[in-house]
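Read through the structure below, which is laid out as structure tokens, and then see the notes.
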Amino acid sequence: MIQFKLVLLGDSSVGKSSIVTRFVKDQFDINKESTIGAAFLSQTIKLLDSETNDEVAVKFEIWDTAGQERYKSLAPMYYRNSNAAIVVYDITDANSLSKAVKWVNELKEKLGDDNDCVISLIGNKLDLINEDETKRAISRREGEEFAIENGLYFHEVSAKENIGIKDIFQEIGESLYNQH
Ligand code: GDP
């Protein structure tokens with residue numbers, strides 16, 4: 001089976017672990033403890049081979065990194081050999097997009113121009129905005145424009161309400177698989 005390495009990056013508390021837990025276990029835990037260092041999970045999905053139209057299985061090996069500053073030096077160990085990176089921010093937290101931008105810039109700088117790492121920029125906690133639009137701290141356009149300028153996939157999602165989570169991984173899987 002084809003395997004892809006995937007890393008999650010972003011400030012702490014933006015919902016990286018919640019996104020992975022939703023994708024791998026279809027669960028959400030409001031009281032989840034912070035990740036220490038990094039956590040490893042895997043999940044297999046099915047997708048379509050764009051040439052043969054056959055259904056194929058691909059496995060993601062997922063490294064969920066801790067967002068705290070003190071673990072920052074560990075991150076290169078996880079993203080160096082990654083086929084894909086999901087960089088997460090919290091649309092209700094004004095500072096979290098600039099942290100995400102820093103991660104994207106670090107990835108581009110360290111991985112070099114000719115790498116084919118697929119990068120997705122993800123604004124999480126969409127459910128909070130759907131409840132109360134005044135909680136939005138980062139406009140959709142702000143995230144989207146940065147993503148377009150930098151050639152990233154972009155989505156606003158909710159790990160809590162399971163909005164758009166599976167689609168993130170499906171899109172990455174199809175993109176990576178059909179590159180091969
Ligand atoms: P991480 O530090 O980036 O891994 O973030 P966590 O996954 O630990 O989530 C941090 C906090 O945000 C936890 O209290 C989660 O329950 C909460 N959270 C995560 N995703 C969502 C979401 O989609 N909606 C809401 N309302 N809360 C979320």
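Atom set for the values below is all heavy atoms of this structure, side chains included, hydrogens, waters and symmetry mates excluded. Counting starts at 1 for both ligands and their atoms, following the listed order.
- Taking the six-membered ring for Trp and thresholds of 30 and 60 degrees, F169 and F23 have nearly parallel ring planes, at less than 30 degrees apart.
- A donor-acceptor contact shorter than 3.5 Å links the side chain of N83 to the backbone of K5.
- Note that K72 lies in the cation-pi zone of W103, set by a 6.0 Å cut-off to the ring centre and a 45° limit from the axis.
- When side chains are defined from C-beta on, Y79 counts as touching L111, because their heavy atoms get closer than 4.5 Å.
- The backbone N or O of V14 lies less than 3.5 Å from a partner atom in the side chain of N124, making a donor-acceptor pair.
- In this structure, the side chain of N150 does not engage the main chain of L152 through any donor-acceptor pair within 3.5 Å.
- A heavy-atom cutoff of 4.0 Å around ligand 1 is satisfied by the protein residues D11, S12, S13, V14, G15, K16, S17, S18, F28, D29, I30, K32, N124, K125, D127, L128, S158, A159, K160.
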